[in-house]
Amino acid sequence: MEQHIRQALLAAAPELFGAPISENLIQFQQTRRDVEGDLTLVVFPFVKMLRCSPQEAGEKVKVWIEANIDSVSHCNVVNGFLNIVFKNTYWLNQLQEIQANTQFGLAAVNSKPTVMVEYASPNTNKPLHLGHLRNIFLGASVAEILRAVGHKVVRTQVINDRGIHICKSMLAWEKFSPLNEKGERQTPANTGQKGDKLVGKYYVEFDKALQKEAKAIMAEWQNGNFTDTPSAIEEAVLNFQKAKEGKDEKVQAAIDDKIKELAKNQTAILQEAKEMLVKWEARDPQVYLLWTTMNGWVYQGFDATYAQMGVSFDKLYYESDTFLLGKDQVMEGLQKGVFYQKADGSVWIDLSADGLDEKLVLRSDGTAVYMTQDIGTAIDRFKDYPDLHGMVYTVGNEQDYHFKVLFLILQKLGYTWADNCFHLSYGMVDLPSGKMKSREGTVVDADDLMAEVIDKAKTMTQERGHLEGLSATAREQLYTQIGLGGLKYYLLKVDPKKRMLFNPEESIDLTGNTGPFLQYTHARICTLLEKAAYKPCTLATNAQLKPEEKEIVKQLALFGSTLEEAAKAYSPALIANYTYELVKLYNTFYQSVKIVVEPDQELRQLRLALSASVRQVLATALGLLGVEAPQRM
RNA sequence: GGUCCCGUAGCUCAGCUGGAUAGAGCAACUGCCUUCUAAGCAGUAGGCCACAGGUUCGAAUCCUGUCGGGAUCACCA
């Protein structure tokens with residue numbers, strides 16, 4: 001409709017304004033809630049052309065629109081805003097269309113190019129936590145949104161399954177795991193512990209041992225004993241110790257940290273871990289067996305967590321397969337002059353012309369760094385999926401710089417698709433106590449959190465009743481739907497870009513702008529339609545829509561464009577806000593009129609159709625957020 | 001220090017491609033279940049949109065600066 005009026009105004013401009021006008025002069029906006037109107041045209045841009053007051057300009061356009069646009073009932077001009085009121089039949093037709101279209105708002109499947117969406121991408125040395133939840137819910141939701149606007153989507157993750165961190169867990173397990181009566185070390189099978197948790201436990205064990213050993217070394221250094229310390233390190237430590245003199249506490253603490261780093265590097269246990277990594281890279285059979293075994297445990301654990309979260313992937317990449325990729329590309333880039341080599345053999349790119357720094361892309365010993373691997377993986381993915389058009393990387397904003405560099409490098413290497421790569425950068429999740437810190441034990445475990453949220457949902461649902469007639473399994477399923485729905489909505493309703501606060505109490509709220517509130521409305525409509533034995537049919541054309549009803553149709557009509565915006569902005573939050581608004585409008589309507597018990601059959605059918613349309617859009621929108629829509633609750 | 005992000009009600013967040021009197025939720029207070037699920041609805045109260053300049057018919061929104069918070073600047077990942 002907006003487009004229609006825009007085109008009509010453009011065509012009529014010479015007649016109306018005395019000259020053709022550019023399209024950007026025609027600015028529409030939503031009409032304020034407190035004035036009459038369905039769409040508002042801003043008239044200020046025309047004032048100069050017409051050489052008159054905003055009021056007069058508005059009146060002139062008003063007369064023209066009323067005479068020439070069919071669906072318009074009438075207009076009013078207030079303060080330079082032309083508020084257009086559409087005819088009742090226009091909205092009735094809209095509703096009729098929405099009701100008849102089960103795919104309302106969605107684009108044709110695979111009508112847009114293939115896009116790969118990466119999310120999760122965990123390390124295999126510890127369990128998933130709250131930060132991962134935001135990442136995964138966000139990525140999974142964006143994938144759904146892109147699909148809904150017509151893209152073919154490949155969901156993926158790259159699993160960081162190799163490196164020093166996993167060697168630490170492996171080593172600690174070998175060193176510290178107690179033996180059971182059969183002489184076996186701890187396994188998920190013989191302890192009943194989830195694999196990722198077990199491996200995570202040994203990662204912590206490693207750190208403890210490391211800290212202890214480092215402390216001992218530091219104490220020796222403090223006493224001036226450097227017998228086991230290489231002279232270069234000794235010199236550095238002595239310099240640091242000297243530098244501490246006369247400095248304030250903060251600076252001293254910072255220097256102590258540096259000394260600690262040196263001490264850690266001198267520990268036998270870290271040396272052992274490094275040796276293990278070297279062995280792993282040489283494919284030492286024993287180390288490899290241990291590695292595959294322990295990673296296997298972790299994957300089983302992750303799979304359980306993903307299943308509970310209700311997310312999945314179409315394609316997995318493992319860092320152990322990809323970490324050598326990219327070297328060829330670097331060599332090629334070197335030939336092309338995109339990169340340059342330093343005397344020590346290391347390869348760099350100079351991005352100072354682009355306002356960035358110089359960045360290492362290959363170590364002097366010829367081994368790959370993170371960037372090397374990412375270059376290789378990106379190129380590889382486009383080989384794996386020849387129809388791939390672009391990629392979305394769901395990664396925290398602490399890596400903003402990394403992705404800026406990565407995309408720039410890909411561009412300079414001549415890959416035109418680099419322009420279609422997007423870093424879906426999201427903010428940290430803070431706790432009321434501040435940042436999550438593993439060292440301080442404030443990390444919120446993903447499994448624990450989900451369990452807690454489901455448990456809370458159970459208690460609160462039981463308090464409300466509405467459970468009669470539901471089987472035990474159906475009840476359990478409902479608690480899960482509510483708990484997880486609340487958690488997902490809580491994490492997704494905030495603009496992804498922004499750092500957000502996770503308040504445990506608010507995350508399990510059922511009232512206000514929450515997942516359960518939306519689910520409740522859905523369930524209420526479901527039982528309502530069931531009671532009414534609702535069937536879609538052609539609506540009477542003479543019914544007069546009440547304002548509450550019209551507001552809902554208006555909001556429903558916005559679903560498609562909201563989806564487009566959400567896809568363009570990679571923001572599930574836009575869907576969340578839209579849906580919340582829709583539900584509020586519906587509840588107002590629900591409280592103010594009779595529906596099933598409405599005696600006038602035409603009115604009743606109209607309101608049922610309205611309810612059914614809201615249910616459908618609501619269910620679709622919740623689905624895009626990964627939130628399930630219960631039939632009753 | 002360089003670069004980037006953020007600062008809106010007591011709290012958590014919308015609004016930011018410039019447009020009318022800046023909106024929700026939570027918390028507080030008032031009402032509404034002998035009509036379809038009250039996990040709801042209606043209402044009251046709560047604001048120098050961090051601060052200071054600028055651009056313009058018009059700025060929470062754009063530009064510059066200041067202050068405050070965060071991230072990042074490794075031959076780590």
Side-chain angles (χ1 to χ4, degrees), chain A residues 24 27 29 31-35 40 42-45 47-48 54 78-81 83 123 160 162-165 319 323 342 344-348 355-357 359-371 373-374 396-402 404 425 427-428 430 432 435 457 460-461 463-466 482 486 490 493-495 497-503 505-507 509-521 523-532 573-574 576-577 580-581 583-584 586-598 604 607-608 611 632-633:
Chain A
N24 59 24
Q27 298 168 14
Q29 58 182 3
T31 307
R32 284 176 58 102
R33 287 248 186 273
D34 52 355
V35 290
T40 293
V42 184
V43 303
F44 290 101
V47 167
K48 267 187 192 156
V78 188
N79 302 332
F81 295 90
N83 304 305
N123 290 343
N160 294 294
R162 51 137 241 136
I164 189 73
H165 55 86
E319 201 188 43
F323 81 108
K342 287 193 177 171
D344 63 4
S346 59
V347 181
W348 297 72
L356 304 175
D357 302 319
K359 190 84 188 172
L360 178 90
V361 290
L362 201 62
R363 290 195 189 103
S364 53
D365 62 5
T367 57
V369 288
Y370 192 38
M371 189 60 79
Q373 174 186 315
D374 268 4
N397 64 8
E398 71 272 17
Q399 294 197 35
D400 283 355
Y401 184 75
H402 174 79
K404 230 184 239 177
S425 161
M428 299 283 108
D430 287 326
K435 276 184 77 164
M460 294 166 107
T461 301
E463 278 170 16
R464 323 239 160 194
H466 308 311
I482 295 171
Y490 183 83
K493 72 177 174 183
V494 181
D495 182 349
K497 289 195 297 274
K498 290 192 176 163
R499 167 178 272 268
M500 70 174 287
L501 186 86
F502 182 84
N503 185 325
E505 273 102 61
E506 282 179 19
S507 71
D509 264 354
L510 305 176
T511 59
N513 189 0
T514 64
F517 170 54
L518 305 190
Q519 291 174 315
Y520 177 73
T521 304
R524 210 157 58 162
I525 298 175
C526 285
T527 49
L528 184 84
L529 294 175
E530 205 179 311
K531 264 182 195 159
L574 297 181
N577 291 338
Y580 176 57
E581 204 55 46
V583 162
K584 274 201 298 184
Y586 182 78
N587 282 331
T588 299
F589 156 78
Y590 180 91
Q591 301 273 347
S592 66
V593 301
K594 293 176 181 167
I595 303 171
V596 179
V597 293
E598 168 61 46
R604 180 174 182 273
R607 288 174 184 164
L608 287 172
S611 302
R632 52 176 294 189
M633 64 187 272

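Convention: sequence-line order gives letters A, B, ...; per-chain numbering from 1.
The existence of a salt bridge linking A:Glu581 and A:Arg33 is confirmed by a sub-4.0 Å separation between a basic side-chain nitrogen and an acidic carboxylate oxygen.
Contact annotation for A:Tyr580: backbone-only contact, meaning every heavy-atom pair under 4.0 Å involves sugar-phosphate atoms and none involves a base. Using a 4.0 Å heavy-atom distance criterion, A:Glu581 is classed as making no nucleic acid contact. Residue-level contact check: A:Asn83 touches the bases, meaning some heavy atom is under 4.0 Å from a base atom.
Spacing between atom NZ of A:Lys404 and atom P of B:G2 amounts to 16 Å, rounded to whole angstrom units. For the pair A:Glu506 CD and B:C11 C1', the interatomic distance rounds to 7 Å; values are reported in whole Å.
To the nearest 0.5 Å, atoms NZ (A:Lys404) and OG (A:Ser425) are separated by 10.0 Å.
Around NZ of A:Lys342, the count of heavy atoms belonging to other residues, nucleotides or ligands within 6.0 Å exceeds 12.
Where A:Val583 and A:Gln27 meet RNA chain B, the nucleotide closest to each residue was compared, and A:Gln27 sits on the side nearer the 5' end. Between A:Ala457 and A:Tyr370, the one whose closest nucleotide on RNA chain B sits nearer the 5' end is A:Ala457.
For B:U30, the paired base is B:A42 (Watson-Crick or G-U wobble, both distances below 3.5 Å). Across all strands shown, B:A52 pairs with B:U64; the Watson-Crick or G-U wobble distances both stay below 3.5 Å.
Side-chain to base pairing of A:Ser592 with B:A42: no donor and acceptor N or O lie closer than 3.5 Å to each other.
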